[in-house]
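Here's the structure, in structure tokens; my notes come after.
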Amino acid sequence: MADYIDALRVTLAEMLGENDRVVVLTAPAQVSQPVAQALEEAAARLVIYQGRRYARLYLDRLLRFVGRRDIDDAMLLRIAELLAMRMAYEDPIRIAQLTLQEAASAPAGRAKPRIDRRCRFRIDEVVAALPVVVAAPTLKVLDYLGWQHMPVKMRFNAAGWLGTRKLRIISWLRRWRLLSIRYAQESRWVERWLHMIDRSLAVRPEAAFAVIESATMVRGYGDGYRYGMANWTLIIDSLVKPALNGSLELPELNQAIADARAAALPERKQTKLKRAIDAIRARSGAAATQAAAS
């Protein structure tokens with residue numbers, strides 16, 4: 001209950017034009033100046049996306065990779081870039097924010113550009129952006145009716161006063177985002193991705209970059225986002241995790257990830273990807289048997 005009261009207080013404070021609490025957003029002192037600048041710029045974007053405490057979470061999540069001998073600036077920057085992209089995930093609130101930002105970017109003295117975005121979400125995706133106390137019972141009803149995957153078209157129009165006002169109302173809902181089902185799901189995904197990077201650096205450093213780049217599979221919204229998330233999860237569960245814990249011998253783990261990603265299509269049954277993974281695991285088993293026999 002305290003979380004909901006705090007979210008309500010902060011939402012009202014924003015509507016009244018008050019500032020967020022002061023939170024320090026300086027990059028860790030151990031990083032080089034170019035890296036520090038990139039991290040602080042990404043944090044500034046996340047302040048706009050969600051708030052200063054959320055941007056602080058971004059910097060804190062990167063601390064596990066700062067100062068490590070097995071990570072150079074290029075790798076740290078790539079982790080930071082992809083982490084910022086994932087933490088600014090695209091929900092209806094985000095699309096409203098982007099539309100308002102684009103409308104406000106017109107040069108002074110010129111007419112605002114006509115911006116009219118039409119997006120296709122799934123109804124469970126829209127509901128999941130609401131606080132759990134509202135979303136959970138609604139999703140149960142949708143599941144009972146068989147409507148969870150029903151497409152929902154949303155229009156984000158910044159052309160007139162009414163459209164702009166609607167976008168501002170949707171954008172204000174960002175303060176409730178951290179109480180949503182979607183945020184909890186995204187948080188788990190981000191932590192798992194970071195953990196897999198950490199594990200690969202410790203056990204299979206040659207595959208670390210492939211694990212880092214796997215984050216690019218998860219992006220956007222609607223069916224594309226769902227397919228990407230499902231494919232990423234299947235690759236991690238079937239190849240990466242077993243290879244890192246030693247239950248599956250994959251001498252070329254980075255190539256295995258690349259081969260699996262090449263077979264990952266936006267299909268519900270994941271037929272091609274599952275076949276590719278089975279083939280990779282079969283080759284691994286055959287190679288292990290041959291090595292034991294020799």
Side-chain angles (χ1 to χ4, degrees), residues 6-21 23 25 38-59 61 80-108 111-131 134-135 152-187 189-190 215 218-222 224-225 228:
D6 186 59
L8 179 59
R9 181 192 58 77
V10 176
T11 301
L12 291 174
E14 181 178 342
M15 293 173 66
L16 294 172
E18 297 178 8
N19 294 326
D20 287 339
R21 297 173 184 173
V23 178
L25 295 178
L39 297 190
E40 290 174 7
E41 288 175 355
R45 293 193 297 271
L46 288 172
V47 170
I48 298 172
Y49 177 83
Q50 183 61 45
R52 296 185 65 86
R53 283 179 289 179
Y54 192 66
R56 182 68 252 173
L57 173 62
Y58 165 75
L59 295 172
R61 280 172 163 167
E81 178 185 7
L82 293 175
L83 177 60
M85 289 172 59
R86 264 309 343 124
M87 287 184 67
Y89 59 87
E90 293 183 83
D91 56 6
I93 302 170
R94 177 59 168 167
I95 304 301
Q97 288 178 312
L98 291 173
T99 306
L100 286 171
Q101 289 173 24
E102 188 175 347
S105 65
K112 290 185 178 181
R114 179 178 176 82
I115 303 170
D116 191 1
R117 287 193 173 95
R118 299 172 188 268
C119 302
R120 184 184 177 95
F121 296 95
R122 292 191 347 179
I123 192 169
D124 59 341
E125 186 176 17
V126 175
V127 173
L130 301 173
V134 176
V152 175
K153 295 180 180 179
M154 295 185 67
R155 185 179 181 184
F156 300 85
N157 185 354
W161 179 88
L162 185 60
T164 301
R165 179 56 55 186
K166 175 184 174 183
L167 293 176
R168 291 189 183 281
I169 292 173
I170 296 174
S171 295
W172 281 332
L173 294 176
R174 73 188 178 100
R175 293 300 187 178
W176 298 95
R177 188 189 269 133
L178 302 188
L179 301 176
S180 69
I181 292 175
R182 175 71 184 275
Y183 171 72
Q185 293 169 341
E186 288 287 340
S187 222
W189 185 92
V190 164
V218 185
R219 60 176 63 191
Y221 52 85
Y225 166 81

**Asked** What are the two closest non-hydrogen atoms of Tyr89 and Tyr54, and how far apart are they?
**Response** CE2-OH, 4.3 Å
**Prompt:** Within a reach of under 6.0 Å around CZ of Arg219, are more than 12 heavy atoms found that belong to other residues, nucleotides or ligands?
**Reply:** no
**Fill in**
All heavy atoms of Ala135 vs all of Leu130, minimum pair found to be CB-O, 3.8 Å
**Item:** Straight-line distance of Arg94 CZ to Ile48 CD1, nearest 0.5 Å
**Value:** 8.5 Å
**Asked** So, is the end of the Arg182 side chain (NZ or CZ) under 6.0 Å from the ring centre of Tyr225 and within 45° of the ring's axis?
**Response** yes
**Message:** Run Gln97 and Tyr49 through side-chain contact (heavy atoms from CB on, under 4.5 Å) and show every step you take.
**Reply:** CA-CA 8 Å; Gln97 288 178 312; Tyr49 177 83; 3.8 Å; yes
**From Glu125 atom CD to Tyr221 atom OH, the distance as rounded to the nearest 0.5 Å** = 9.0 Å
**Asked** Do you know the tightest heavy-atom contact between Arg117 and Glu102?
**Response** NH2-OE1, 2.7 Å
**Message:** Please check this pair: side chain of Arg52 against backbone of Val47, looking for a donor-acceptor N/O pair closer than 3.5 Å.
**Reply:** no
**Message:** Quick check: closest heavy atoms across Leu178 and Tyr183, and the distance to 0.1 Å?
**Reply:** O-CD2, 3.4 Å
**Prompt:** If you round to the nearest 0.5 Å, how far is CG of Asp91 from CZ of Arg177?
**Reply:** 4.5 Å
**Item:** Side-chain (Ser187) to main-chain (Ala184) donor-acceptor, under 3.5 angstrom
**Value:** no
**Request:** May I ask you to decide if Leu25's main-chain N or O and Glu40's side chain share a donor-acceptor pair within less than 3.5 Å?
**Result:** no
**Request:** Tell me whether the guanidinium CZ or amine NZ of Arg45 lies under 6.0 angstrom from the six-membered ring centre of Tyr58 and within 45° of its axis.
**Result:** no
**Message:** Can you tell me how far apart CG (Leu167) and CD1 (Ile93) are? Round to the nearest 0.5 Å.
**Reply:** 12.5 Å
